[in-house]
> 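Just passing along the structure, written as structure tokens.
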Amino acid sequence: MAISTATKAATDALAANPAPVSVGAQEVHRWMQSFTWDFDKNRTKYSTKYKMANDTKEQFKLIAKEYARMESVKDERQFGSLQDVLTRVDAANRVHPKWNESMKVISNFLEVGEYNAIAATGMLWDSATAPEQKNGYLGQVLDEIRHTNQCAYINYYFAKQGQDAAGHNDARRTRAIGPLWKGMKRVFSDGFISGDAVECSINLQLVGEACFTNPLIVAVTEWASANGDEMTPTVFLSIETDELRHMANGYQTVVSIANDEAASKYLNTDLNNAFWTQQKYFTPVLGMMFEYGSHFKVEPWVKTWNRWVYEDWGGIWIGRLGKYGVESPRSLRDAKKDAYWAHHDLFLIAYALWPTGFFRLSLPTQEEAEWYEANYPGWYDMYGKVYDEWRARGCEDPSSGFLPIQWFIENNHPIYIDRVSQVPFCPSYCKGESTLRVLEFNGKKHSFSDQWGERMWLSEPERYECQNIFEQYEGRELSDVIAEGFGVRSDGKTLISQPHTNKDGKLWTLDDIKRINCVFSDPLKAL
Amino acid sequence: MTIEVNGGRRGLTDPEIAAVIMAAVPDKPLETQRKMNYFMKPRGKRINEYEVLCCYSQPTPDWIPGGLDWGDWTQKFHGGRPSWSNESTEMRSSDWLAHRDPAFRWHALYVKDKAEEWRYTDRFLKAYSADGHVRSIDPVWRDEVLGDYLGAFGFYEYGLFNSHSSVVRDCLGDTLRMSSAMIGLDKVDNAQMIQAERTFLSKLVPGFPESTDIPKQEWTKGTIFKGARELVQDIWQATYDWNEILFSGHMICDPIFGQFVRREFFMRLSSYYGDNLTPFFINQMQLYFSQTKGITTDMFHTCLGADVEFGDYNNRLMRAWANKWLPRTVNALKDFMAIYATIPEIKGVSDKAAIEAALVRVFADWKRDFADPINYKVDTAALVKTVLSGLK
Ligand SMILES: [Fe+2]
Ligand SMILES: [Fe+2]
């Protein structure tokens with residue numbers, strides 16, 4: 001059309017219809033796929049053995065400004081609730097103390113996952129070639145910043161308003177002392193960002209988000225609310241509204257490589273490894289946080305696990321990907337066995353190492369013991385009676401001179417750390433599936449607790465070289481390690497961590513620990 | 001009561017549960033230090049909300065300066081490359097977590113601003129269209145310049161946007177990572193706004209093509225954007241050092257080439273050609289430019305250039321990078337000069353003297369804000385002369 005007639009046509013069009021006109025997000029998004037162009041160096045900086053297709057689409061069709069609008073509406077609602085009514089009713093002081101402690105860990109550790117997901121999706125944004133697929137990952141980059149800030153907000157809120165700020169106020173500095181941290185880094189940090197880009201996507205999106213996000217983010221809100229905490233549901237359910245897009249991103253990752261020959265060779269192995277990696281930590285840790293970190297129970301962890309991990313994810317979600325050649329991971333069956341006892345095994349160790357935490361732990365009460373026995377028959381004979389013995393020896397009392405870790409030493413039950421997952425285990429006293437395997441490489445011993453991790457290590461030992469806390473702290477006295485890691489409260493002597501949440505119970509200090517003279521040793525050296 | 005509670009009973013409102021909880025809650029708080037991140041050094045007098053919510057969220061070991069964690073990575077890349085490492089950049093820092101967005105925007109504040117901009121854009125476009133403003137745009141400006149060249153410039157913004165992906169993956173600090181993602185999103189927003197303007201015009205002007213075909217042809221095959229395209233491609237894909245990506249994009253290329261094209265070409269000229277629509281969008285891009293400038297000058301001048309231990313070294317490296325990227329940016333601008341031959345000349349506005357004055361403004365701004373702080377010696381008059389030699 002010639003230029004002058006276009007102007008006339010515009011004038012005529014306006015005369016015929018002067019209705020206001022704007023532009024919608026989808027009208028812009030429609031052109032996104034054409035925003036890129038071919039050039040020699042156009043390739044990803046992160047190698048992957050898979051080839052992501054150039055025409056991969058994305059279903060949410062967001063542009064930058066529409067994304068911002070959508071998220072800011074959710075933010076208004078969420079922060080409005082927190083700052084207004086929940087603060088007025090003093091909600092943070094109406095949370096069960098045990099749960100107040102659990103949120104120190106849950107929110108901060110989830111924050112690490114969210115934070116690393118920023119970098120992980122940055123890598124995927126780089127790896128994808130299709131602009132729509134890049135756009136989907138970009139949205140997730142921003143979401144994960146949001147979630148990092150939101151998780152932080154929970155600790156920030158509990159610190160400012162709640163009953164025990166210690167640990168909420170400095171988790172980012174004290175979290176590295178204890179035995180749960182390195183394992184958390186494997187699943188939530190390095191597992192998302194270090195490796196083949198698609199393998200990382202499988203870890204983050206296909207397993208982390210599609211499989212464990214449901215238990216983590218949704219179930220946690222039920223446990224929270226039962227224990228009086230309405231802050232966590234307010235924030236976590238708002239996080240969850242973004243997760244649908246992330247799971248779709250994971251789905252699209254698989255779709256984008258489905259026609260690639262490498263997929264038929266490697267995809268199921270990568271999925272199996274990713275599933276085992278994630279479940280090895282989450283299965284015991286989530287179960288432990290829920291059941292041992294609460295007073296009021298929602299349902300036994302094993303039921304939640306079976307419903308969400310085994311049936312929904314292993315069955316339905318993976319089933320939907322069946323047409324792309326994806327199979328249910330072979331390790332799922334072993335994981336199912338672990339879902340029954342592994343969290344009980346882990347709590348025994350976590351409680352024994354309580355001084356290295358940044359939270360207070362509590363022994364099961366009489367009514368909790370009954371609940372455990374009813375839901376996990378055989379619980380008392382294995383765990384309950386040990387807790388009774390520890391309690392009788394005064395493990396809660398600072399003047400007792402007794403730390404439960406001594407019980408493991410006295411009874412010759414060494415605690416090892418699995419090199420690949422960094423999860424501690426006690427092969428001579430556990431009901432879960434852990435067994436001790438020790439291998440030597442380059443003059444260094446490595447312990448493993450299961451065949452799947454051992455296989456990963458055997459094929460690529462250079463990926464799993466991280467020293468564990470026993471190697472790091474070997475020869476050092478416990479109170480020294482705690483002081484160096486800033487594990488004390490603002491009075492400079494009382495520990496952040498405590499072995500009880502009794503409001504009238506005495507609090508342990510660095511001196512109480514020092515008197516016991518507990519020195520770390522590396523169990524691998526004794527072998 | 002039983003400790004298993006189902007059916008969605010809530011501890012805050014269920015009297016039976018609440019009574020048990022309240023009996024367990026300590027009579028007074030156990031800890032008096034209520035400020036999260038109390039241990040950190042704030043940029044201002046007090047730790048602000050942005051610092052609370054963002055700082056030290058990154059779990060880096062202490063051998064990456066600034067980190068609070070210890071030890072090795074629990075999983076590495078195939079072959080053993082670490083998750084994050086000091087070798088990912090030539091820059092050195094005594095604290096990779098020191099950067100702050102001068103506006104202290106965490107996610108909620110960032111999206112709130114952009115959401116407002118979007119709502120206002122929608123209202124503005126409705127008023128603009130109902131008002132019939134579009135009739136006054138010079139047809140050549142509208143169809144050639146906005147249709148082709150503004151569209152082609154969208155690819156520049158899109159390419160720079162993509163240069164942020166590896167920065168978001170590789171950079172060594174939490175505030176750096178968040179800032180990089182945000183300034184990256186602003187760049188794709190610019191590209192999308194350009195497309196939005198073109199789609200909008202196509203709704204008002206029958207026959208105006210909203211397709212990206214011709215702009216893409218211009219960007220990939222034309223001569224006007226040839227230098228810019230090659231420059232952007234190399235920032236995006238040929239550069240691996242995340243600091244060099246940010247430096248070349250935001251301290252050299254965009255404050256010179258981007259500023260000239262947006263501010264001195266599209267924004268300044270548009271009103272002379274009866275176009276009041278383009279300035280509406282370019283003004284938003286200029287807002288993002290100034291926010292980004294605040295961020296990247298904090299990164300490179302306030303933090304790296306002034307680092308107590310490595311400041312001198314970093315400034316020397318920045319000067320070396322400037323030597324590498326400045327000539328290419330000047331060349332991109334020289335190519336762009338050919339655009340003036342495609343529009344009807346307006347005396348005192350788009351003639352040679354006016355173009356020269358615009359170039360002088362851009363280079364003077366760049367010298368003051370970007371070259372002087374790193375002690376980079378530059379003859380801006382010579383650069384202007386080189387660029388002007390591209391005028392047809
Ligand atoms: Fe997230
Ligand atoms: Fe996510």
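Everything numeric here is computed off the predicted structure, so don't read it as measured data. Each chain gets a letter, A, B and so on, in the order the sequences are listed, and its residues count up from 1.
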> With a 4.5 angstrom heavy-atom cut-off, is it the side chain or the backbone of Cys171(B) that approaches chain A, or both, or neither?
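Looking at Cys171(B), nothing touches chain A.
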
> Among Met22(B), Arg10(B), His78(B), who wins on heavy-atom pairs under 4.5 Å with chain A?
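Counting heavy-atom pairs under 4.5 Å, the top option is His78(B).
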
> Taking the six-membered ring for Trp, are Trp219(B) and Phe225(B) ring centroids under 6.0 Å apart?
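Yes, the ring centres sit under 6.0 Å apart.
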
> Examine whether an atom of Ser136(B) lies under 4.5 Å from a heavy atom of chain A, and if so say whether it belongs to the side chain, the backbone or both; otherwise answer neither.
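The answer is neither part of Ser136(B).
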
> Quick check on Ala25(A) against chain B: is it the side chain, the backbone, both or neither that has a heavy atom closer than 4.5 Å?
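Both the backbone and the side chain of Ala25(A) come within 4.5 Å of chain B.
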
> Taking the side chain as every heavy atom from C-beta outward, state whether Leu172(B) and Thr60(B) have any atom pair closer than 4.5 Å.
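No, too far: nothing below the 4.5 Å cut-off.
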
> Picking from Met32(A), Glu471(A), Lys74(A), Met123(A), which has the most non-hydrogen pairs under 4.5 angstrom with chain B?
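Ranked by heavy-atom pairs under 4.5 Å with chain B, first place is Met123(A).
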
> Glu116(B) versus chain A, heavy atoms under 4.5 Å apart: side chain, backbone, both or neither?
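It is neither, since no heavy atom gets under 4.5 Å.
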
> As an exercise: rank Leu507(A), Thr494(A), Asn116(A) by heavy-atom pairs under 4.5 Å with chain B and give me the winner.
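Highest number of heavy-atom pairs under 4.5 Å: Asn116(A).
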
> Counting heavy-atom pairs under 4.5 Å with chain B, which one of Arg30(A), Glu114(A), Lys98(A), Arg489(A) comes out on top?
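Going by pairs under 4.5 Å, I would pick Arg489(A).
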
> In this structure, are over 12 heavy atoms from other groups packed under 6.0 Å from Lys49(A) atom NZ?
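Correct, the count exceeds 12.
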
> Return the option, out of Asp12(A), Ile118(A), Val141(A), with the maximum number of heavy-atom pairs under 4.5 Å with chain B.
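Of the candidates given, the most pairs with chain B belong to Ile118(A).
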
> For Asn149(A), which atoms come within 4.5 Å of any heavy atom of chain B: side chain, backbone, both, or neither?
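Its backbone and side chain both get close to chain B.
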
> Side chain from CB out, backbone as N, CA, C, O: work out which of these in Gln284(B) comes under 4.5 Å of a heavy atom of chain A, or both, or neither.
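For Gln284(B), side-chain heavy atoms alone lie under 4.5 Å from chain A.
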
> For Pro461(A), which atoms come within 4.5 Å of any heavy atom of chain B: side chain, backbone, both, or neither?
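For Pro461(A), neither part sits under 4.5 Å from chain B.
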
> Please classify the contact between Glu66(A) and chain B as side chain, backbone, both or neither, with a heavy-atom cut-off of under 4.5 Å.
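Contact with chain B involves both backbone and side-chain atoms of Glu66(A).
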
> At a heavy-atom separation under 4.5 Å, does Ala13(A) approach chain B through its side chain, its backbone, both, or neither?
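For Ala13(A), the side chain is the part near chain B, not the backbone.
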
> Think Lys187(B) forms a cation-pi with Tyr158(B), using NZ or CZ under 6.0 Å from the six-ring centre and within 45 degrees of its axis?
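Geometry flag: not set, cation outside 6.0 Å or 45°.
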
> So for Val95(A), is it side chain, backbone, both, or neither that comes closer than 4.5 Å to the heavy atoms of chain B?
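Backbone of Val95(A) only, per the 4.5 Å heavy-atom cut-off to chain B.
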
> With a 4.5 angstrom heavy-atom cut-off, could you sort out which part of Trp371(A) is near chain B: side chain, backbone, both or neither?
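Trp371(A) touches chain B through side-chain heavy atoms alone.
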
> Which region of Ala18(B), side chain (C-beta onward) or backbone (N, CA, C, O), has a non-hydrogen atom less than 4.5 Å from a non-hydrogen atom of chain A, or is it both or neither?
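Answer is neither: Ala18(B) stays 4.5 Å or more from chain A.
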
> Does Lys182(A) count as lying over the ring of Trp70(B), i.e. NZ or CZ under 6.0 Å from the six-ring centre, within 45 degrees of the axis?
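Judged by the rule (NZ or CZ under 6.0 Å from the ring centre, within 45° of its axis), Lys182(A) counts as positioned above Trp70(B).
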
> Check whether Ser189(A) gets within reach of chain B through its side chain, its backbone, both or neither, counting any heavy atom under 4.5 Å.
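Only the side chain of Ser189(A) comes within 4.5 Å of chain B.
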
> Between Asp75(A) and Val111(B), is a side-chain contact (heavy atoms from CB on, under 4.5 Å) present by the stated rule, with each step listed?
CA-CA 9 Å; Asp75(A) 285 346; Val111(B) 293; 3.7 Å; yes

> Between Asp131(B), Asp186(B), Ile137(B), Asp122(B), which shows the greatest number of heavy-atom pairs under 4.5 Å with chain A?
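Most heavy-atom pairs under 4.5 Å with chain A: Asp122(B).
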
> Tell me, side chain or backbone of Gln163(A) under 4.5 Å from chain B's heavy atoms, or both, or neither?
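Gln163(A) touches chain B through backbone and side-chain heavy atoms alike.
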
> Look at Arg172(A), Glu462(A), Lys297(A) and state which one has the largest set of heavy-atom pairs under 4.5 Å with chain B.
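Among the listed options, the one with the most contacts to chain B is Arg172(A).
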
> Using a cut-off of under 4.5 Å for heavy-atom pairs, which of Asp491(A), Leu142(A), Val298(A), Asp38(A) has the most such pairs with chain B?
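So the answer, after comparing Asp491(A), Leu142(A), Val298(A), Asp38(A), is Leu142(A).
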
> Are a donor atom and an acceptor atom from the side chains of Lys45(A) and Ser166(B) found within less than 3.5 Å of each other?
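Side chains of Lys45(A) and Ser166(B): pair found under 3.5 Å.
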
> What about Trp181(A) and Phe188(A), are their ring centers closer than 6.0 Å?
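No.
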
> Is any side-chain N of the basic residue among Arg9(B) and Glu16(B) closer than 4.0 Å to the acidic one's carboxylate O?
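Yes.
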
> Which answer fits Leu14(A), side chain, backbone, both or neither, if we ask what part of it has an atom under 4.5 Å from a heavy atom of chain B?
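For Leu14(A), side-chain heavy atoms alone lie under 4.5 Å from chain B.
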
> Under 4.5 Å from any heavy atom of chain B, what part of Glu27(A) do you find: side chain, backbone, both or neither?
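Backbone plus side chain of Glu27(A), per the 4.5 Å heavy-atom cut-off to chain B.
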
> Counting only non-hydrogen atoms closer than 4.5 Å, does Tyr67(A) touch chain B with its backbone (N, CA, C, O), its side chain (CB onward), both, or neither?
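For Tyr67(A), the contact with chain B is made by the side chain alone.
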
> Relative to each other, are the rings of His96(A) and His295(A) parallel, tilted or perpendicular (30° and 60° limits)?
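Ring orientation of His96(A) relative to His295(A): parallel.
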
> Using the six-membered ring wherever Trp is involved, compare the ring planes of Phe124(B) and Tyr128(B) and label them parallel, tilted or perpendicular (cut-offs 30° and 60°).
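Tilted.
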
> Side chain, backbone, both or neither: which part of Asp174(B) has a heavy atom under 4.5 Å from chain A?
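Looking at Asp174(B), backbone and side chain both touch chain A.
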
> Considering only heavy atoms, which portion of Ser180(B) lies under 4.5 Å from any heavy atom of chain A: side chain, backbone, both, or neither?
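No part of Ser180(B) comes within 4.5 Å of chain A.
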
> Would you say the side-chain atoms of His168(A) and Glu31(B) include a donor-acceptor pair closer than 3.5 Å?
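On atom types as modelled, these side chains do not qualify, holding no pair under 3.5 Å.
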
> What part of Tyr46(A) gets within 4.5 angstrom of chain B, counting heavy atoms only: side chain, backbone, both, or neither?
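For Tyr46(A), the contact with chain B is made by the side chain alone.
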
> Taking the cut-offs as 6.0 angstrom to the six-membered ring centre and 45 degrees off its axis, would you call Arg105(B) and Tyr110(B) a cation-pi pair?
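Here Arg105(B) fails the 6.0 Å and 45° test against Tyr110(B).
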
> Which region of Asn135(A), side chain (C-beta onward) or backbone (N, CA, C, O), has a non-hydrogen atom less than 4.5 Å from a non-hydrogen atom of chain B, or is it both or neither?
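Interface part for Asn135(A): side chain.
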
> Quick one: closest heavy-atom pair of Lys114(B) and Ala68(A), and the distance?
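Heavy atoms of Lys114(B) and Ala68(A) come nearest at CB-CB, 3.5 Å.
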
> With a 4.5 angstrom heavy-atom cut-off, which part of Met193(B) approaches chain A: side chain, backbone, both or neither?
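The side chain, not the backbone.
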
> Assess whether a salt bridge exists between Asp189(B) and Lys65(A), defined as any Lys/Arg side-chain N lying under 4.0 Å from an Asp/Glu carboxylate O.
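Answer for the salt bridge query: yes.
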
> Does any backbone or side-chain atom of Arg123(B) lie under 4.5 Å from a heavy atom of chain A? Answer side chain, backbone, both or neither.
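Contact with chain A: none, neither part.
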
> May I have the step-by-step check of side-chain hydrogen bond (donor to acceptor under 3.5 Å, both in side chains) for Arg198(B) and Thr212(B), ending in yes or no?
CA-CA 9 Å; Arg198(B) 298 178 68 259; Thr212(B) 49; over 6 Å; no

> Go through the atoms of Trp84(B) and report whether side chain, backbone, both or neither lie under 4.5 Å from a heavy atom of chain A.
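Just the side chain, heavy atoms under 4.5 Å.
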
> Taking it one step at a time, do Arg175(A) and Asp69(B) satisfy salt bridge (Lys or Arg N to Asp or Glu O under 4.0 Å)?
CA-CA 9 Å; Arg175(A) 60 193 176 190; Asp69(B) 197 358; over 6 Å; no

> Under the criterion side-chain hydrogen bond (donor to acceptor under 3.5 Å, both in side chains), I'd like the reasoning laid out for Trp31(A) against Glu210(B): C-alpha separation, chi angles, the key distance, then a yes or no.
CA-CA 9 Å; Trp31(A) 297 101; Glu210(B) 66 173 317; 3.1 Å; yes

